[in-house]
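Input: a single structure, listed below in structure tokens.
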Amino acid sequence: MGSESDECQVILGVDGGTTSTVCVCMPLLPFSDIHILPDPLPILGRAIAGCSNFNSVGGDVARETLEKVIAEALFDAGVKQSAVKAVCLGLSGVNNSKDQEKILGWLRSTFPSDVKLYIQNDAVAALASGTMGKLHGCVLIVGTGSISYGFTEDGREARAAGAGPVLGDWGSGYGIAAQALIAVMRAHDGRGPQTMLSSCILQSLGLSSPDELIGWTYVDPSWARIAALVPVVVSCGEDGDDIADEILHNAVQELALSVRAVVQRLHLAGEDGKGSFPVVMVGGVLGANKKWNIGNEVTNSILKTYPGACVIRPKVEPAVGAALLALNFLMKETVANGHS
């Protein structure tokens with residue numbers, strides 16, 4: 001038996017995406033058991049808040065959101081802040097060491113210096129949710145935006161896409177829906193073929209003419225609002241519309257290409273391209289549909305190129321992946337410092 005203080009120590013994992021921020025509180029598992037994780041994992045507390053991407057909402061709001069979601073998860077767990085041993089935050093918008101230092105500065109005023117703080121991009125937390133805390137392999141996230149992110153076992157990393165809708169997340173939810181809206185306008189003014197997308201999108205939005213799409217789009221051009229049209233595009237593709245089918249096929253190729261770019265840069269598949277490595281796939285756009293299953297199509301494309309790839313659909317959420325990362329980082333530091 002450990003001491004009472006050991007038993008109540010906790011770790012926090014935070015997943016901050018562009019739409020919401022989730023924090024989970026887990027007990028500090030003994031390092032001897034870290035490779036044999038309990039199933040289900042013990043989650044002591046969980047909280048959810050709004051967007052914490054400082055590029056989207058500004059620094060003050062992002063900081064308030066992070067402080068709020070952490071406090072609420074601790075409250076839900078019934079533990080004090082003094083019980084926290086380590087925190088790992090996987091945050092969208094964190095793309096370099098300058099971004100990491102900014103977040104660390106915020107958290108240092110909240111936690112004492114002996115609490116370990118780890119800041120990563122939210123893609124890293126998503127990868128860890130599939131590998132149960134190990135930083136190895138490639139993750140593909142496809143929601144409103146899309147990104148591929150990879151790590152080698154010796155710590156090298158690479159990313160592809162993830163630069164936002166203006167700079168080319170073409171396989172993302174936004175990319176698919178934007179291409180569909182463009183196809184509707186092209187059909188309307190005679191620059192492109194007729195498509196079932198026209199009537200289906202107008203019906204889903206309660207509009208009577210493609211001309212009204214212009215006002216609808218620009219009154220609030222938020223990426224998530226446009227990406228919400230993806231199910232309409234998939235439905236048209238399933239019903240045999242050639243334009244919708246082409247948009248979805250192009251998206252699959254873009255997504256598979258972003259994975260290939262990361263795998264090639266990191267040589268994850270070995271010299272012969274047949275080595276084994278995990279590919280974690282996350283995000284609402286990859287969900288199952290009746291006939292047009294984007295996730296399955298991307299999987300098939302990846303496996304055609306890399307037969308040794310092990311495609312994983314995570315059983316735990318990215319916030320739990322972040323907590324497991326904190327556990328792994330903490331264990332490595334403890335071992336490196338000569339403690340058992």
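Numbers here simply count residues along the sequence, with the first being 1. All values derive from a computational prediction rather than experimental measurement.
Considering only heavy atoms from C-beta on, Asp239 stays 4.5 Å or farther from Trp292 through its side chain. Residues Met26 and Leu44 have side chains not in contact (no heavy-atom distance under 4.5 Å, counting atoms from C-beta outward). Side-chain contact between Ser146 and Val285 is absent, with no heavy atoms from C-beta onward closer than 4.5 Å. Put simply, the side chain of Ile302 does not reach to within 4.5 Å of the side chain of Arg260, judged on heavy atoms. Val94 is listed as a side-chain neighbour of Ile103, based on a closest heavy-atom distance under 4.5 Å. In this structure the side chain of Phe75 never reaches within 4.5 angstrom of the side chain of Gln81, judged on heavy atoms. A heavy-atom distance below 4.5 Å is not found between the side chains of Phe151 and Leu266. In this structure, Val262 and Tyr149 have side chains that are not in contact, with every pair of non-hydrogen atoms separated by 4.5 Å or more.
Comment: Glu72 engages Lys68 in a salt bridge, judged by a side-chain N to carboxylate O separation of less than 4.0 angstrom. Here Lys274 does not pair with Asp272 in a salt bridge; the nearest charged N to carboxylate O distance is not below 4.0 Å.
Ring geometry for Tyr118 versus Phe329: interplanar angle of 30 to 60°, hence tilted.
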request  = List the steps and the verdict of side-chain contact (heavy atoms from CB on, under 4.5 Å) for Leu330 and Leu28.
outcome  = CA-CA 10 Å; Leu330 195 59; Leu28 179 62; 3.7 Å; yes
ask   = Yes or no on side-chain contact (heavy atoms from CB on, under 4.5 Å) for Cys25 and Ile43, after CA distance, side-chain angles and deciding distance?
value = CA-CA 6 Å; Cys25 177; Ile43 307 297; over 6 Å; no
request  = Would you check, one step at a time, whether the test side chain to side chain donor-acceptor pair (under 3.5 Å) holds for Ser109 with Arg63?
outcome  = CA-CA 11 Å; Ser109 62; Arg63 179 177 181 169; 2.9 Å; yes
request  = For Leu248 and Val233, run side-chain contact (heavy atoms from CB on, under 4.5 Å): C-alpha distance rounded to whole Å, both residues' side-chain angles, the deciding distance at 0.1 Å, then the answer.
outcome  = CA-CA 8 Å; Leu248 295 171; Val233 185; 4.2 Å; yes
request  = Evaluate the criterion salt bridge (charged side-chain N to carboxylate O under 4.0 Å, His left out) for residue pair Glu317 and Arg46; output intermediate values, then yes/no.
outcome  = CA-CA 11 Å; Glu317 63 182 322; Arg46 184 180 186 275; 2.8 Å; yes
task = Take Met185 and Leu213, measure what side-chain contact (heavy atoms from CB on, under 4.5 Å) needs, and give me the verdict at the end.
result = CA-CA 8 Å; Met185 298 311 296; Leu213 269 181; 4.1 Å; yes
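Neither Leu104 nor Val124 shares a network with the other; the hydrophobic side chains, linked directly or stepwise wherever heavy atoms of I, L, V, M, F, W or Y lie under 4.5 Å apart, form separate groups for each. Placement of Val298 and Val311 within a single hydrophobic cluster is found when ILVMFWY residues are connected by side-chain heavy-atom separations under 4.5 Å, directly or transitively. Under the 4.5 Å side-chain contact rule for hydrophobic residues, Leu89 and Leu12 share a cluster. Following chains of ILVMFWY side-chain contacts shorter than 4.5 Å, one cannot reach Val22 starting from Val57, and the two form parts of different hydrophobic clusters. In the hydrophobic clustering of this structure, Val10 does not group with Met331; members are Ile, Leu, Val, Met, Phe, Trp, Tyr whose side-chain heavy atoms approach within less than 4.5 Å, directly or through other members.
Put simply, the side chain of Thr195 never gets that close to the backbone of Ser198: no donor and acceptor are under 3.5 Å apart. Gln9 places no side-chain N or O within 3.5 Å of a backbone atom of Lys85 that could act as its donor or acceptor partner. Looking only at distances, a side-chain donor or acceptor of Arg186 sits under 3.5 Å from a matching main-chain atom of Arg191. When atom types are taken as modelled, the side chain of Thr21 and the backbone of Gly50 share a donor-acceptor pair closer than 3.5 angstrom. At distances below 3.5 Å, not a single donor-acceptor pair connects side-chain atoms of Glu64 with backbone N or O atoms of Ser52. For the pair Asp122 (side chain) and Asp15 (backbone), a donor-acceptor distance under 3.5 Å is absent. In this structure a side-chain-to-backbone donor-acceptor pair under 3.5 Å is present from Glu212 to Ser208. Without hydrogens or angle criteria, Gln120 side chain to Gly90 main chain gives no donor-acceptor distance under 3.5 Å. A donor-acceptor contact shorter than 3.5 Å links the side chain of Ser129 to the backbone of Ala126. Here the side chain of Asn328 pairs a donor or acceptor atom with the backbone of Gly133 at under 3.5 angstrom.
The CG atom of Leu257 sits 9.5 Å away from the OG1 atom of Thr305 when rounded to the nearest 0.5 Å. Going from atom CG of Leu66 over to atom SG of Cys23 covers 9.0 Å, rounded to the nearest 0.5 Å. We find the CG-CG distance between Leu29 and Leu327 to be 5.5 Å, quoted to the nearest 0.5 Å. Note that the CG atom of Asn121 and the CG atom of Asp99 stand 9.5 Å from one another [nearest 0.5 Å]. A distance of 11.0 Å separates CD in Glu254 from OG in Ser301, rounded to the nearest 0.5 Å. The CG atom of Leu255 sits 8.0 Å away from the CE atom of Met281 when rounded to the nearest 0.5 Å.
With sequence neighbours excluded, no residue forms a side-chain hydrogen bond (donor to acceptor under 3.5 Å, both in side chains) with Thr144.
Residue-environment remark: CG (Asp60) stays at or below the threshold of 12 foreign heavy atoms within 6.0 Å.
Geometrically, Lys102 engages Phe54 in a cation-pi contact defined by less than 6.0 Å to the ring centre and at most 45° from the axis.
When every heavy atom of Pro27 is checked against every heavy atom of Ile11, the shortest pair comes out as O-CG1, 4.1 Å. When all heavy atoms of Pro210 and Val184 are compared, the pair lying nearest together is CB-CG1, 4.2 Å. Here the closest heavy-atom approach between residue Ala322 and residue Gly13 is recorded as CB-CA, 3.8 Å. Closest heavy-atom contact between Cys138 and Val259: SG-CG1, 4.1 Å. Heavy atoms only, all atoms of each residue included: Ala177 and Leu229 are closest at CB-CB, 4.0 Å. The shortest heavy-atom contact between Pro193 and Ala187 is O-CB, 3.2 Å.
There is a side-chain donor-acceptor pair under 3.5 Å between Ser148 and Ser258. If you check the side chains of Thr217 and Arg225, you find no donor sitting under 3.5 Å from an acceptor. At a cut-off of 3.5 Å, with distance as the only test, a side-chain donor of Asn53 or Ser92 sits close to an acceptor on the other residue.
Residue pairs meeting the salt bridge (Lys or Arg N to Asp or Glu O under 4.0 Å) criterion with at least one partner in residues 154-180, sequence neighbours excluded, are Asp154-Arg156.
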